[in-house]
S.K.: 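This structure is in structure tokens; I'll ask about it shortly.
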Amino acid sequence: MAQEKFSLRCYCYLDRMQPQYAAFVGTITQGDLPTEGMASLYVEMAPGNEAFRMVDIAVKATEARPGAQLVEREFGMFEVHSMNQAAVKEAGQAVLNRLGLTVQDRIKPKIASQQIITNVDPYQAQLLNRFRKGSMLVPGETMLVMEVAPAAYINLACNEAEKKASIKVMHVSSVGRFGRMWLAGSESEIVTASEAATQALNALDGIEG
């Protein structure tokens with residue numbers, strides 16, 4: 001049976017986890033709980049079962065702790081974090097060295113879709129609130145829905161949006177073919193958040209996926 005070719009789908013570094021983003025991650029993580037101010041690294045790959053080997057390399061290299069290790073047949077993803085930014089970067093470099101890759105070998109992120117919904121109707125707010133893990137959407141607020149591929153890049157988009165705008169983090173999903181985030185706030189703050197997330201994603205280099 002031919003061995004599947006390895007693909008570095010996402011490699012994104014978060015320098016400082018924002019308060020809401022870190023709190024949200026704490027509601028879904030199955031590993032070590034991150035806190036505000038920590039640095040974080042997300043690595044997504046194909047095939048998915050390579051995540052086991054990559055986590056082994058990352059956690060043995062430095063003091064960075066694993067918060068997530070998700071393995072599907074097609075894709076895998078892991079996250080490590082620490083208050084020590086150098087430790088997180090070193091863990092990522094250890095993985096790249098073992099793979100014989102550089103950061104530039106990652107797939108460049110692409111925004112698959114983006115919608116801003118103003119003056120959200122009370123009934124739609126109720127429907128959305130049933131599926132979120134973070135803050136609740138209040139009727140009349142504006143909502144941003146963004147989809148990104150590969151999926152794990154949505155974590156960077158959310159963290160950078162929170163840095164630049166006064167918004168509420170409703171939900172973030174970074175597993176599968178597309179990553180998604182729902183943010184809520186005033187229309188002007190949501191526009192600022194959208195621009196910040198877009199700018200952060202466009203600033204990353206890589207190969208076309």
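Atoms considered below: every heavy atom in the structure, side chains included; atoms not considered: hydrogens, waters and symmetry mates.
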S.K.: Which heavy-atom pair separates A91 from A61 by the least distance, and what is that distance?
M.R.: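 In this case the closest contact between A91 and A61 is CA-CB, 4.4 Å.
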
S.K.: Does any part of the side chain of E147, heavy atoms only, come nearer than 4.5 Å to the side chain of R180, both counted from C-beta?
M.R.: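 Contact flag for R180/E147 side chains = yes.
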
S.K.: Determine, for K163 against D15, whether the closest basic-nitrogen to carboxylate-oxygen distance falls under 4.0 angstrom.
M.R.: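 Answer for the salt bridge query: yes.
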
S.K.: Any salt bridge between R177 and E74, counting N to O under 4.0 Å?
M.R.: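 Salt bridge flag = yes for E74 with R177.
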
S.K.: Is the shortest side-chain N to carboxylate O distance from E141 to K168 below 4.0 Å?
M.R.: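 Between K168 and E141 there is a salt bridge, with a charged N closer than 4.0 Å to a carboxylate O.
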
S.K.: Quick one: does T192's side chain have a donor or acceptor within less than 3.5 Å of a partner on S188's backbone?
M.R.: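 Between the backbone of S188 and the side chain of T192 there is a qualifying donor-acceptor contact (under 3.5 Å).
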
S.K.: Strictly distance-based, threshold 3.5 Å: is any side-chain N or O of T198 a donor or acceptor partner for the main-chain N or O of S194?
M.R.: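 Yes; judged by distance alone, with no hydrogens or angles, the pair exists.
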
S.K.: How are the rings of Y21 and Y42 set to each other: parallel, tilted or perpendicular (split at 30° and 60°)?
M.R.: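 The arrangement is perpendicular - the two ring planes meet at more than 60°.
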
S.K.: Give a yes or no on whether L101 and V55 share a hydrophobic cluster (residues Ile, Leu, Val, Met, Phe, Trp, Tyr; joining criterion: side-chain heavy atoms under 4.5 Å apart).
M.R.: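 Yes, it is one cluster - the side chains of L101 and V55 are joined through contacts under 4.5 Å.
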
S.K.: Please answer: with hydrophobic residues joined when any side-chain heavy atoms are less than 4.5 Å apart, are Y153 and I28 in the same cluster?
M.R.: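 Same cluster: Y153 reaches I28 through Ile, Leu, Val, Met, Phe, Trp or Tyr contacts under 4.5 Å.
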
S.K.: Are a donor atom and an acceptor atom from the side chains of T62 and E90 found within less than 3.5 Å of each other?
M.R.: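 Side-chain D/A pair, T62 to E90: absent.
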
S.K.: Distance check, rounded to the nearest 0.5 Å: D56 atom CG versus F78 atom CZ?
M.R.: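 Interatomic distance, D56 CG to F78 CZ, rounded to 0.5 Å: 10.5 Å.
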
S.K.: Working to the nearest 0.5 Å, report the span between CG of L156 and OG of S40.
M.R.: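 Between L156 CG and S40 OG, I get 10.0 Å after rounding to 0.5 Å.
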
S.K.: Let's go through M38 and M83 carefully: what are the C-alpha distance in whole Å and the side-chain angles of both, what is the deciding distance for side chain to side chain contact (heavy atoms under 4.5 Å, CB included) to 0.1 Å, and is it a yes or a no?
M.R.: CA-CA 4 Å; M38 284 185 166; M83 281 293 184; 3.9 Å; yes

S.K.: Side chains of P66 and H81, heavy atoms from C-beta outward: is any pair under 4.5 Å?
M.R.: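 They are not in side-chain contact.
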
S.K.: Answer yes or no: does atom CE of M136 have more than 12 heavy-atom neighbours from other residues, nucleotides or ligands under 6.0 Å?
M.R.: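 Atom CE in M136 is not packed in, count stays at 12 or less.
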
S.K.: Looking at K108, I want to see if its NZ is surrounded by more than 12 non-hydrogen atoms of other residues, nucleotides or ligands under 6.0 Å.
M.R.: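 For K108, atom NZ is crowded (more than 12 foreign heavy atoms under 6.0 Å).
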
S.K.: If every non-hydrogen atom of A196 is compared with every non-hydrogen atom of E160, which pair is closest and at what distance?
M.R.: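 Answer, listing the atom of A196 first, then E160: CB-O, 3.9 Å.
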
S.K.: Is T142 close to V120 at the side-chain level, that is, under 4.5 Å between some pair of heavy atoms?
M.R.: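 A side-chain contact is absent here, since even the closest heavy-atom pair is not under 4.5 Å.
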
S.K.: Going through the checks in order, is the side chain to side chain contact (heavy atoms under 4.5 Å, CB included) test met by K133 and M170?
M.R.: CA-CA 7 Å; K133 289 280 190 178; M170 294 175 58; over 6 Å; no

S.K.: So which atom in A152 and which in C10 form the shortest heavy-atom distance, rounded to 0.1 Å?
M.R.: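 Reported closest heavy-atom pair: CB-SG, 3.6 Å.
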
S.K.: Do you know which two heavy atoms are closest between Q20 and V169, and how far apart they sit?
M.R.: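 Result for this residue pair: OE1-N, 2.8 Å.
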
S.K.: So do the side chains of L14 and Q85 get within less than 4.5 Å of each other, counting heavy atoms only?
M.R.: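 No, every pair of side-chain atoms sits at 4.5 Å or beyond.
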
S.K.: Counting heavy atoms not belonging to Q114, are there more than 12 under 6.0 Å from its CD?
M.R.: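 Counting other residues, nucleotides and ligands, CD of Q114 exceeds 12 neighbours.
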
S.K.: Short question: side chain of T27, backbone of F24 - any donor-acceptor pair under 3.5 Å?
M.R.: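 Side chain of T27 to backbone of F24, a donor-acceptor pair under 3.5 Å: yes, one is there.
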
S.K.: Report yes if the side chains of M181 and H171 come closer than 4.5 Å at any heavy-atom pair, otherwise no.
M.R.: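 The answer is no; the side chains never approach within 4.5 Å.
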
S.K.: Less than 4.5 Å apart, any side-chain heavy atom of V88 and any of N84?
M.R.: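 No, their side chains stay 4.5 Å or more apart.
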
S.K.: Can you tell me how far the CD atom of Q93 sits from the NZ atom of K89, to the nearest 0.5 Å?
M.R.: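 That separation rounds to 11.0 Å.
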
S.K.: Say whether, by atom type as modelled, one donor and one acceptor occur between the side chain of R106 and the main chain of Y11 under 3.5 angstrom.
M.R.: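 Judged by distance alone, yes, a pair lies under 3.5 Å.
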
S.K.: Given the rule that I, L, V, M, F, W and Y join up when any side-chain heavy atoms are under 4.5 Å apart, are L41 and V71 in one cluster?
M.R.: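 No, it is not one cluster - the side chains of L41 and V71 are not joined through contacts under 4.5 Å.
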
S.K.: Drop me the distance from N202's CG to D205's CG, to the nearest 0.5 angstrom.
M.R.: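 N202 atom CG to D205 atom CG measures 12.0 Å (nearest 0.5 Å).
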
S.K.: When you look at CZ of F178, are more than 12 heavy atoms from neighbouring residues, nucleotides or ligands closer to it than 6.0 Å?
M.R.: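 Open: at most 12 neighbouring heavy atoms sit under 6.0 Å from CZ of F178.
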
S.K.: Treat each ILVMFWY residue as a node, draw an edge where side-chain heavy atoms are under 4.5 Å apart, and state whether I167 and I111 are in one component.
M.R.: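 They do share one cluster, since a chain of ILVMFWY contacts under 4.5 Å joins I167 to I111.
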
S.K.: Measure across A184 and I190 and return the closest heavy-atom pair with its distance rounded to 0.1 Å.
M.R.: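 Closest heavy-atom pair between A184 and I190: C-CD1, 3.6 Å.
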
S.K.: How long is the gap from CE on M146 to CD1 on I154, to the nearest 0.5 Å?
M.R.: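 Going from CE on M146 over to CD1 on I154, the span is 6.5 Å.
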
S.K.: Quick one: pull up CE in M77 and OG in S174 and give me the separation to the nearest 0.5 Å.
M.R.: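 It comes to 4.0 Å.
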
S.K.: Kindly say whether G206 contributes a backbone atom to a donor-acceptor pair with the side chain of Q104 at under 3.5 angstrom?
M.R.: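 No, Q104 side chain to G206 backbone: no donor-acceptor pair under 3.5 Å.
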
S.K.: Just do the side chain to side chain contact (heavy atoms under 4.5 Å, CB included) check on L183 and C158 with the steps written out, would you?
M.R.: CA-CA 8 Å; L183 306 180; C158 184; 4.1 Å; yes

S.K.: Please check if Y13 and L201 belong to a single hydrophobic cluster, counting links between Ile, Leu, Val, Met, Phe, Trp and Tyr side chain heavy atoms closer than 4.5 Å.
M.R.: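 No; L201 is not reachable from Y13 via cluster members.
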
S.K.: For residues R16 and N159, determine if any side-chain heavy atom of one lies less than 4.5 Å from a side-chain heavy atom of the other.
M.R.: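 Side-chain contact under 4.5 Å: no.
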
S.K.: What residue among L96, L204, L8 forms side chain to side chain contact (heavy atoms under 4.5 Å, CB included) with V103?
M.R.: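 So, applying the side chain to side chain contact (heavy atoms under 4.5 Å, CB included) to V103 and each of L96, L204, L8, only L96 qualifies.
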
S.K.: Apply side chain to side chain contact (heavy atoms under 4.5 Å, CB included) to residues E36 and M17 and explain how you reach the verdict.
M.R.: CA-CA 5 Å; E36 174 189 355; M17 298 175 84; 5.9 Å; no

S.K.: How close do G140 and N119 get, counting heavy atoms only, and between which atoms?
M.R.: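 What the structure gives for the nearest pair is CA-OD1, 3.3 Å.
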
S.K.: Considering only heavy atoms from C-beta outward, does the side chain of V145 approach that of M143 to under 4.5 Å?
M.R.: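 With C-beta onward as the side chain, the pair touches.
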
